[in-house]
Structure formats: C-alpha cells, structure tokens
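Take a look at the structure set out below.
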Amino acid sequence: MLTADCDHKFSKYPFHDVLTLGEAAERLGKRAMKLGLISNLTVHLFPDCWQFSLTNGQTSELLTPEEAYLRFKQLLQQFESSAKESQK
C-alpha cells in the first residue's frame with residue numbers, strides 16, 4: 001500500500017511541467033523587460049508548444065520555453081549581481 005506524506009514539501013522550482021515552465025519563462029521575460037534588459041518579447045502560444053521571440057534591432061530570435069527560461073534567468077542573475085557590486 002502506498003501512502004502520501006502530508007508534510008512533503010514541493011520542490012522549490014517554479015515549474016513542474018511544460019505549461020508551468022512556459023509560464024515561469026514568461027514571468028521572467030516580463031521582469032527582464034521592466035528592468036530594460038530586453039527591449040521586446042513576444043510569446044507565441046500554440047496548442048502543442050510555446051515560442052518566445054526576442055527582437056533586438058533588426059535581428060529576431062525564437063526560443064523554446066527551456067531556452068527562454070535559462071536566458072532570462074541568466075540575464076536577471078547578472079543584473080542582480082552587478083547591482084550588488086555597484087552598491088559596495
């Protein structure tokens with residue numbers, strides 16, 4: 001017999017499947033836009049996948065939810081670390 005542990009803590013990750021990964025990437029992208037780290041973000045929602053389109057000047061780049069999440073997370077971490085360095 002299997003029993004569920006009521007005190008089990010969920011993972012600290014903000015996503016659990018492809019849908020929540022896309023939502024987390026979109027939140028990070030919106031935050032990056034508000035901070036001025038990216039100039040334009042378009043999210044294309046298709047029944048079977050999400051595509052994130054980053055446009056800088058004349059170039060456009062399509063990213064998967066995984067690529068977008070990692071890119072935005074890295075941008076935000078770099079911004080936060082540079083902000084901490086400038087406060088010292």
Side-chain angles (χ1 to χ4, degrees):
M1 179 170 105
L2 293 175
T3 59
D5 182 6
C6 294
D7 293 329
H8 181 267
K9 301 290 183 196
F10 283 102
S11 169
K12 65 179 181 175
Y13 297 106
F15 52 87
H16 309 291
D17 56 19
V18 176
L19 178 63
T20 55
L21 173 60
E23 292 169 345
E26 184 178 14
R27 281 192 303 274
L28 290 176
K30 287 179 179 179
R31 185 168 171 221
M33 277 187 58
K34 286 181 182 177
L35 293 171
L37 303 175
I38 57 175
S39 60
N40 189 2
L41 171 66
T42 304
V43 182
H44 302 278
L45 302 175
F46 298 103
D48 59 342
C49 70
W50 291 31
Q51 288 184 336
F52 292 80
S53 176
L54 296 176
T55 306
N56 288 329
Q58 297 178 356
T59 62
S60 181
E61 182 178 9
L62 286 177
L63 303 172
T64 65
E66 295 88 351
E67 294 168 331
Y69 180 84
L70 292 173
R71 172 83 55 89
F72 300 147
K73 183 105 174 143
Q74 181 183 29
L75 282 172
L76 292 167
Q77 286 174 342
Q78 289 173 349
F79 176 80
E80 290 169 359
S81 66
S82 66
K84 286 179 185 177
E85 289 294 321
S86 66
Q87 290 179 353
K88 287 183 180 181

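Numbering starts at 1 and runs along the sequence shown.
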*For S39, check side chain to side chain donor-acceptor pair (under 3.5 Å) against everything at least two apart and list the hits.*
N56
*asked:* Which residues pass the salt bridge (Lys or Arg N to Asp or Glu O under 4.0 Å) test with K73, not counting sequence neighbours?
replied: none
*Who passes side chain to side chain donor-acceptor pair (under 3.5 Å) against D17, sequence neighbours left out?*
T20
*Does L63 reach the side chain of L70, with side-chain heavy atoms less than 4.5 Å apart?*
no
*asked:* By the salt bridge (Lys or Arg N to Asp or Glu O under 4.0 Å) test, which pairs, at least two apart or in different chains, include something from residues 30-43?
replied: E26-K30, R31-E80
*asked:* Working to the nearest 0.5 angstrom, can you tell me the gap between R71 CZ and L37 CG?
replied: 12.5 Å
_Restricting to side chain to side chain donor-acceptor pair (under 3.5 Å), what partner residues turn up for T42, sequence neighbours left out?_
none
*Consider only side-chain heavy atoms of I, L, V, M, F, W and Y, link residues closer than 4.5 Å, and tell whether L21 and F46 are in one cluster.*
no
*In Å and rounded to the nearest 0.5 Å, what is the CD1 to CE distance from I38 to M33?*
6.0 Å
*Start with the C-alpha gap between E61 and S53, add the side-chain angles, then the distance that decides, and say whether side chain to side chain contact (heavy atoms under 4.5 Å, CB included) holds.*
CA-CA 6 Å; E61 182 178 9; S53 176; over 6 Å; no
_Please report the interatomic distance CZ(R27) to OH(Y69), rounded to the nearest 0.5 Å._
9.0 Å
_Which residues share a salt bridge (Lys or Arg N to Asp or Glu O under 4.0 Å) with E66, sequence neighbours left out_ = none
*Mind checking whether W50 and F52 have parallel, tilted or perpendicular rings, split at 30° and 60°?*
tilted
*Atom CG of L75 and atom CG of L54: how far apart are they, to the nearest 0.5 Å?*
8.5 Å
*Check P65 against A25 and note the closest heavy-atom contact, atom names and distance.*
O-CB, 3.9 Å
*Between CG of L19 and SG of C49, what distance do you get to the nearest 0.5 Å?*
12.5 Å
